[in-house]
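Note sheet for the following structure.
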There are 2 protein chains.
Amino acid sequence: MYILITYDVSTKDKNGAKRLRQVAKYCQNYGQRIQNSVFKCKIENYMLPSIENDLKNLMDLKKDNIKIFKLGKNIDSKIISLGKNTEYDIEDILIF
Amino acid sequence: MYILITYDVSTKDKNGAKRLRQVAKYCQNYGQRIQNSVFKCKIENYMLPSIENDLKNLMDLKKDNIKIFKLGKNIDSKIISLGKNTEYDIEDILIF
């Protein structure tokens with residue numbers, strides 16, 4: 001299943017920038033950053049509860065907001081991208 | 001149908017901030033801001049091409065990136081919100 005993780009991490013307090021980096025770094029384990037605060041991830045359904053839990057431990061539940069959108073299995077027809085594209089295709093074969 | 005509009009508008013050049021405000025103001029016509037650069041909108045399918053077109057006219061296609069995610073009709077079960085909630089329910093009855 002594909003999920004979208006979008007996050008608003010408050011950077012007003014000095015720990016905010018640190019939390020922001022940690023959340024972004026964590027999301028990178030599961031997918032790719034497609035916009036500044038938007039990650040597109042491909043996971044197995046059973047992984048969702050632990051991802052939720054991990055994110056709760058990284059964020060400040062009173063100051064930050066993270067949303068997870070379940071997009072289902074096929075997403076190509078569900079996404080329209082306008083302007084400068086900032087993505088690469090997770091499915092592409094990485095040639096070293 | 002519900003759609004999600006997420007946008008990265010480059011504010012490095014002086015027109016960027018103006019474009020950012022215009023894109024946000026435009027999205028407000030169709031739904032609610034649920035995070036800093038994320039809008040949740042409820043539209044009719046036929047409206048999507050003109051929304052796409054309008055956004056293209058507001059943004060800088062070389063510098064900015066806007067994504068539209070089609071979430072379908074029922075989204076309550078598709079969204080998980082963690083931390084400080086920044087939403088109100090579009091369906092709620094507004095009492096004046």
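Chain letters run A, B, ... following the sequence lines, proteins first, then strands; residues in each count from 1.
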Item checked: For A/I80, all residues meeting side chain to side chain contact (heavy atoms under 4.5 Å, CB included), sequence neighbours excluded -> A/L82, B/L48, B/E52, B/I68, B/K70
Item checked: Which portion of A/D64 sits near chain B, non-hydrogen atoms under 4.5 angstrom ->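 Just its backbone gets close to chain B.
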Checklist line | Per-residue contact mode, A/I75 against chain B (heavy atom under 4.5 angstrom) | finding: neither
Notebook entry, point to check: With a cut-off of 6.0 Å (strictly less than), are more than 12 heavy atoms of other residues, nucleotides or ligands near CG of B/N74?
Noted result: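 No, not enclosed.
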Check: For B/I3, is it the side chain, the backbone, both, or neither that has a heavy atom closer than 4.5 Å to a heavy atom of chain A?
Finding: neither
Margin query: If the condition is side chain to side chain donor-acceptor pair (under 3.5 Å), which residues does B/T6 pass it with, not counting sequence neighbours?
Written below: A/Q35
Margin query: Is the shortest side-chain heavy-atom distance between A/V38 and B/K67 below 4.5 Å?
Written below: no
Check: Who wins among A/S37, A/G72, A/G83 for the most heavy-atom pairs under 4.5 Å with chain B?
Finding: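 Ranked by heavy-atom pairs under 4.5 Å with chain B, first place is A/G83.
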Next item on the list: Among the options A/L4, A/L55, A/D60, pick out the one with the most heavy-atom pairs lying under 4.5 Å from chain B.
Entry: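 The candidate making the most pairs under 4.5 Å is A/L4.
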Next item on the list: Verify, without hydrogens or angle tests, whether A/N65 (side chain) and B/K84 (backbone) share a donor-acceptor contact under 3.5 angstrom.
Entry: yes
Margin query: What residues of residues 15-26 of chain B make heavy-atom contacts with chain A at a cutoff under 4.5 angstrom?
Written below: none
Checklist line | Interatomic spacing from CZ in B/F69 to CG in A/L71 - rounded to 0.5 Å | finding: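 B/F69 atom CZ to A/L71 atom CG measures 7.0 Å (nearest 0.5 Å).
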